[in-house]
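Below you'll find the structure, written out as structure tokens, and then a few comments.
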2 protein chains.
Amino acid sequence: MVRLAQYSHRIAVAPGKTFIQEGEPANDFFIVTAGHVKLFTLMPDGRRQITGFGQAGDFLGLASGTTYAFSAEALGPLSLCRFSRTGLGALRREFPALELRLMEEASRELVQAQRRMLLLGRKTARERLASFLLEQHYRSPTKAVAIHLPMTRTGIADYLGLTIETVSRTMNALQREKLITITQVTHITLLNLPALEILSRGG
Amino acid sequence: MVRLAQYSHRIAVAPGKTFIQEGEPANDFFIVTAGHVKLFTLMPDGRRQITGFGQAGDFLGLASGTTYAFSAEALGPLSLCRFSRTGLGALRREFPALELRLMEEASRELVQAQRRMLLLGRKTARERLASFLLEQHYRSPTKAVAIHLPMTRTGIADYLGLTIETVSRTMNALQREKLITITQVTHITLLNLPALEILSRGG
DNA sequence: CGTCATCTTGAGTTTATTCAAGTGGAGTGG
DNA sequence: CCACTCCACTTGAATAAACTCAAGATGACG
């Protein structure tokens, strides 16, 4: 892995900074080394769809042709490893294992994209929230039932295809039903994992 | 390409047949050679989300780990080329160009998945229908404004995250507004491509 | 020509949205 | 240390978009 350094640069990104702009030439490829990012697309009137949240270890920029198909913004302090796309070809020849790893990552993301189509196309607000909380739980390094949400209610809404009001109401409804506890706005404890799982699958 | 034959089998699938079942071991990988397929996932209560339609040249089974993440059904008479997943590794070693081709296809699908998240999460029924019709137009071999839909209204509804009634009403509304003509149920002519494009983008 | 499945249309309902106040908590300055 | 401010979040009431339920119409096929 020593030789990797010649192809990559470590960069720090300020909170809130949009470091990938939809439609711009896709020259680089990134790996998140610390922090959280949101990937999103915008409509002319401002409607926003967050297509994914990335955290340490995630690849950004796989899904592009010649221009980026999405924008990316740092949710907090962020560290990235940047690779030039032109260099990626050379990298692949030098590290054949990377080829396989890239393919695995693409397949994983494709499966996740299909799950999200089901969520966005067919699930109710309650089911979306339950699915979201379980996903955050599953992705947390500790797998503890106490989870921290790095994004705001607006972020959750734009991820789940809802409004912030619906997210807020539904979260509080889940708390009233003793499925979760909202310790702070960004700190949720999952009280009943099996019930949340049943809810997230739609019964 | 001569040697490819030793890894693949051509198979014919009857209309309506489900030839990939979600959750079953992902032993095979397919390429559509003729006809149309729908890829979908189901919820326990029967809610269905079609994640994509495939036609000649499309790859099926990219997005899987050890088990298939979706089901696939033939929309009409269908021809496939089947590859064993275990053999795919050998194939890749023998045909390095395949590696790149596979990666390109995965990237293309990922970009399309992001577009569909925006559609399912943020677009209105009218915008979804316009996007759908333009996609069918774009994917047709001839690129003619007269398009043929290989799927039923139920298929369109399950693809767009709507009900058949909403699809029917919206299609007829678009016809009343002179954006399309419904020659037959499955034959649509796009009368005003620029207007449809503006509509599909949301203004 | 009849049958069945698919599609269309209408009326009423539901879910989530919109619009409009309020509430709360973190950071700032007096 | 306490108001003040701002932003995010919550809550309520009214609205709208799409859904559900229920007939009909259409059309493909035997």
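In what follows, chains are A, B, ... by sequence order, proteins preceding strands, each numbered from 1. Treat the numbers as computed from the prediction; the structure is a model and nothing was measured.
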Protein-nucleotide distance (B:Glu165, atom CD; C:dA11, atom P), rounded to Å: 15 Å
Parallel, tilted or perpendicular, as decided by the 30° and 60° cut-offs, for the rings of B:His148 and B:His187: tilted
Mutual orientation of the aromatic rings belonging to A:Phe132 and A:Tyr159 [parallel < 30°, tilted 30-60°, perpendicular > 60°]: perpendicular
Atom-to-atom span, CD1 of A:Ile182 to C1' of D:dA8 - whole angstrom: 14 Å
Nearest-nucleotide pick for B:Ser168, side chain only, options being C:dT8, D:dC9, C:dT17: C:dT8
Salt bridge A:Asp58-A:Arg139, side-chain N to carboxylate O under 4.0 Å: yes
Among D:dC19, C:dC7, C:dT8, the one nearest B:Leu162 by side-chain distance: D:dC19
Protein-nucleotide distance (A:Leu174, atom CG; D:dT10, atom P), rounded to Å: 12 Å
Carboxylate-amine/guanidinium contact A:Lys38 A:Asp158, below 4.0 Å: no
B:Glu127 CD to D:dA18 P, straight-line distance once rounded to whole Å: 9 Å
Sugar-phosphate, base or nothing in reach of A:Gly161, heavy atoms under 4.0 Å: sugar-phosphate
Heavy-atom check, side chain of A:Leu174 versus side chain of A:Leu199, under 4.5 Å: yes
B:Gln184 CD - C:dT6 C1' separation (whole Å): 14 Å
C:dA16 OP1/OP2 closer than 4.0 Å to side-chain N/O of A:Thr166: no
Interatomic distance where CZ belongs to B:Arg153 and P belongs to D:dT26 [whole Å]: 15 Å
Comparing A:Thr124 and B:Met171 on DNA chain C - which has the more 5′ nearest nucleotide: B:Met171
Length of the line joining A:Leu129:CG and C:dA16:C1', which is rounded to integer Å: 13 Å
Separation of D:dA17 C1' from B:Lys123 NZ (nearest whole Å): 18 Å
N/O (side chain, B:Thr163) to phosphate O (OP1/OP2, D:dC19) under 4.0 Å: yes
Short side-chain N/O contact from B:Arg169 to OP1 or OP2 of C:dT9, under 4.0 Å: no
